[in-house]
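Note that ligands are numbered from 1 as they come in the structure, with each ligand's atoms numbered from 1 the same way.
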Amino acid sequence: MLSLYPLQSSKRCAVIGGSGFLGRHLVEKLLGKGYTVSVFDIRQSYELPGVTFHQGDLCDKQALLTALQGVSLVFHCASPAPASDDKALFQRVNIQGTQTVLQACTEAGVQKVVLTSSASVVFEGTDIKDGREDLPYAKNPIDYYTETKIEQEKLVLKACDKEKGLLTVAIRPHGIFGPRDPQLVPILVDTARRGNMKFIIGDGSNLVDFTFVDNVVHGLILSAESLRPESPICGKAYHITNDEPVRFWDFMSDILVGLGYSAPRYNLPYTLVYGLALLLWLLSLLLCPLVAFKPTFTPMRVALAGKHHFYSCSRAKQDMGYKPVVGLKDGIRRTVESYPHLRHGA
Ligand SMILES: NC(=O)c1ccc[n+]([C@@H]2O[C@H](COP(=O)([O-])OP(=O)(O)OC[C@H]3O[C@@H](n4cnc5c(N)ncnc54)[C@H](O)[C@@H]3O)[C@@H](O)[C@H]2O)c1
Ligand SMILES: CC(C)CCC[C@@H](C)[C@H]1CC[C@H]2C3=C(CC[C@]12C)[C@@]1(C)CC[C@H](O)[C@@H](C(=O)O)[C@@H]1CC3
């Protein structure tokens with residue numbers, strides 16, 4: 001068995017989706033830790049000394065094989081944006097594409113694959129309090145993103161095979177935020193600028209997890225470095241959060257007020273807003289051949305805004321010594337400071 005892991009100490013890795021929000025933060029940290037990094041992505045969004053970029057689609061095995069030459073560790077952080085809500089695209093990239101990534105890793109002799117999954121794989125619109133990894137996958141996922149993230153995680157965990165020399169692990173972050181996030185803060189500010197952030201969905205007491213990006217990066221690297229044939233983490237999923245559940249509407253208000261907007265004040269009944277969001281979503285499906293419109297209040301966003309969804313990190317603490325490196329308050333401050341262009345009046 002020893003000969004199967006000759007590159008255990010190699011610091012050559014690839015980040016698939018390395019041009020994205022999380023991927024780029026991960027690349028920067030890996031460089032700081034002395035890794036040599038190849039980025040594989042359909043786009044190149046920056047340049048950095050020490051990083052080799054390979055532009056390509058992860059569904060293209062030949063392109064992947066070129067990027068994976070001599071690589072022993074792969075971080076898979078690529079996915080279409082949840083907001084696209086494009087079923088065919090999610091299935092092609094998250095399911096077929098992940099199968100292709102695993103085949104390419106096997107053929108290229110990669111030894112470790114770390115997947116960025118999502119805690120949402122167990123969320124189906126009902127309260128989750130201190131959820132552990134043994135919760136079943138959502139039977140009725142609310143959107144195509146979640147549906148395909150479930151299949152993606154199953155594929156990666158099933159591929160873990162000590163005999164063949166491929167070790168895999170899935171990290172499930174929740175609500176990642178931080179500098180350069182293209183999603184949470186920009187959507188929030190856009191909604192506020194259109195005058196639609198006056199309302200609180202439900203009574204405002206629901207607790208949720210938001211995770212500062214550095215903590216996710218820390219969890220990803222920790223899992224990669226803990227992944228060895230004898231380690232308990234092989235083939236398992238791990239929640240990685242800030243481990244500081246917060247009221248959803250307090251978190252939103254802190255960001256909005258920090259950027260100079262007013263905090264939401266008026267409560268609306270959850271069922272009413274969820275019903276309206278469902279109706280709008282159905283309308284957008286029916287009308288899509290005629291007019292393309294993407295509602296801001298999707299059923300998934302309303303469920304995330306009105307229900308409890310926070311997760312236990314005790315498995316990650318126990319098996320790999322995980323502990324968040326940046327607290328929530330500090331993370332919010334650093335995030336707000338990083339968006340001068342989104343400030344009220346800017
Ligand atoms: N942002 C969050 O709150 C969050 C939470 C939990 C899990 N995740 C997961 O973390 C990962 C990274 O998310 P992010 O927020 O950085 O998203 P992002 O959109 O910023 O980055 C995703 C990257 O994947 C690339 N990509 C998409 N399709 C590709 C393809 N076919 N081939 C190659 N590259 C492709 C994109 O170009 C992009 O650079 C995703 O897997 C996502 O599901 C994100
Ligand atoms: C219009 C308002 C009601 C809310 C505006 C903010 C939202 C855009 C974000 C609040 C929670 C966010 C979130 C995600 C996307 C952006 C929000 C809905 C994810 C669904 C993105 C994909 C991840 O995998 C999910 C996860 O499990 O971490 C995110 C959950 C939180």
Handout entry: Atoms of ligand 1, numbered as shown, that sit under 4.0 Å from any heavy atom of L22
Key = 10 (O), 16 (O)
Fill in the blank from the handout: Under 4.0 Å from one or more heavy atoms of G175, ligand 2 contributes atoms 26 (C), 28 (O), 31 (C)
Completion exercise
For R43, the atoms of ligand 1 under 4.0 Å from one of its heavy atoms are 36 (C), 37 (O), 38 (C), 39 (O)
Handout entry: Electrostatic pair E337-R333, nearest N-O below 4.0 angstrom
Key = yes
Problem - Atoms in ligand 2 with a heavy atom of Q183 nearer than 4.0 Å - result: 15 (C), 21 (C)
Practice task
For S117, counting its heavy atoms only, list the atoms of ligand 1 lying under 4.0 Å from any of them.
Solution key: 6 (C), 7 (C), 8 (N), 9 (C)
Problem - Aromatic ring pairing Y270/Y274, orientation class (parallel under 30°, perpendicular over 60°, tilted between) - result: parallel
Exercise for the section: Would you confirm whether any non-hydrogen atom of the protein falls under 4.0 Å from atom 10 (C) of ligand 2? Expected result: yes
Handout entry: Close-contact set for ligand 1 against T116 heavy atoms, below 4.0 Å
Key = 9 (C), 10 (O), 11 (C), 41 (O)
Exercise for the section: Record the part of K149 in heavy-atom contact with ligand 2 below 4.0 Å; permitted values are side chain, backbone, both and neither. Expected result: neither
Handout entry: atom 19 (C) of ligand 2 [closest protein heavy-atom partner, distance rounded to 0.1 Å]
Key = L304 CD1, 4.5 Å
Fill in the blank from the handout: Among non-hydrogen protein atoms, atom 41 (O) of ligand 1 lies closest to K149 NZ, 2.8 Å
Problem - Closest approach of any protein heavy atom to atom 24 (O) of ligand 2, naming residue and atom - result: Y145 OH, 2.6 Å
Problem - V93 and ligand 1 - part of the residue with a heavy-atom distance under 4.0 Å - result: side chain
Exercise for the section: Would you mind listing which atoms of ligand 2 come within a distance below 4.0 Å of any non-hydrogen atom of P82? Expected result: 21 (C), 22 (C)
Practice task
Determine whether W281 and T298 make a side-chain contact, defined as any pair of heavy atoms from C-beta on separated by less than 4.5 Å.
Solution key: no
Problem - 4.0 Å protein heavy-atom contact status of atom 17 (O) of ligand 1, strictly under - result: no
Handout entry: Numbering as shown, the atoms of ligand 2 that approach S120 to under 4.0 Å (heavy-atom distance)
Key = 25 (C), 26 (C), 27 (O)
Handout entry: F53/Y46 aromatic ring centres below 6.0 Å
Key = yes
Exercise for the section: For atom 27 (C) of ligand 1, grab the closest protein heavy atom and report residue, atom and distance to one decimal in Å. Expected result: S79 O, 3.6 Å
Practice task
Around atom 8 (N) of ligand 1, find the nearest protein heavy atom and jot down its residue, atom name and distance.
Solution key: Y145 OH, 3.7 Å
Problem - Per-residue contact class, S120 against ligand 1 - non-hydrogen pairs under 4.0 Å - result: neither
Completion exercise
When distances are taken from atom 12 (C) of ligand 2, the protein heavy atom at minimum range is L184 CD1, 4.2 Å
Handout entry: Taking atom 6 (C) of ligand 2 as the reference point, the nearest protein heavy atom with its distance
Key = M252 CE, 4.2 Å
Practice task
State whether a side-chain donor-acceptor pair under 3.5 Å links Y322 with R315.
Solution key: no
Problem - N/O separation below 3.5 Å, S118 to ligand 2 - result: yes
Problem - Y144 and F90 aromatic centres sub-6.0 Å - result: no
Exercise for the section: Would you kindly specify which portion of F297 sits under 4.0 Å from ligand 2, judged on non-hydrogen atoms: side chain, backbone, both or neither? Expected result: side chain
Practice task
Output the list of atoms in ligand 1 that are nearer than 4.0 Å to some heavy atom of G56, sorted by atom number.
Solution key: 32 (N), 33 (C)
Handout entry: Taking atom 35 (C) of ligand 1 as the reference point, the nearest protein heavy atom with its distance
Key = I42 CG1, 3.4 Å
Practice task
List the closest protein heavy-atom neighbour of atom 20 (O) of ligand 1: residue, atom name, distance to the nearest 0.1 Å.
Solution key: F21 N, 2.9 Å
Exercise for the section: Give a yes/no verdict on whether any heavy atom in P173 is under 4.0 Å from an atom of ligand 1. Expected result: yes
Handout entry: Nearest neighbour in protein (non-hydrogen) for atom 18 (C) of ligand 2
Key = R301 CG, 3.6 Å
Exercise for the section: Could you check atom 5 (C) of ligand 2 against the protein and tell me its nearest heavy-atom contact, residue, atom and distance included? Expected result: L188 CD1, 4.1 Å
Problem - atom 12 (C) of ligand 1: the protein heavy-atom neighbour that sits closest, reported with distance to 0.1 Å - result: C77 O, 3.2 Å
Fill in the blank from the handout: Within 4.0 Å of some non-hydrogen atom of Q183, the atoms of ligand 1 are 1 (N)
Handout entry: Interfacing atoms of ligand 2 (cut-off 4.0 Å, heavy-atom, H174)
Key = 26 (C), 27 (O), 28 (O), 30 (C)
Practice task
Check the side chains of S253 and D250 for a donor-acceptor pair under 3.5 angstrom, ignoring hydrogens and angles.
Solution key: no
Practice task
Determine yes or no for a side-chain-to-main-chain donor-acceptor pair under 3.5 angstrom, with T241 supplying the side chain and H174 the backbone.
Solution key: no
Fill in the blank from the handout: protein heavy-atom neighbour closest to atom 36 (C) of ligand 1 works out as D41 OD1, 3.4 Å
Practice task
Could you tell me the residue and atom name of the protein heavy atom closest to atom 4 (C) of ligand 2, and the distance to it rounded to 0.1 Å?
Solution key: F248 CZ, 4.4 Å
Fill in the blank from the handout: Looking only at protein heavy atoms, what sits closest to atom 3 (O) of ligand 1 is I176 N, 3.0 Å
Practice task
For the residue pair T66 and H54, confirm or rule out a side-chain donor-acceptor distance under 3.5 Å.
Solution key: no
Fill in the blank from the handout: Residue, atom and distance of the protein heavy atom nearest atom 8 (C) of ligand 2 read I187 CG2, 3.5 Å
Problem - Point-to-point distance, once rounded to the nearest 0.5 Å, from CE of M300 to CD of E124 - result: 10.5 Å
Practice task
Describe, in one word, how the ring planes of F251 and F177 are oriented to each other, choosing from parallel (under 30°), tilted (30 to 60°) and perpendicular (over 60°).
Solution key: perpendicular
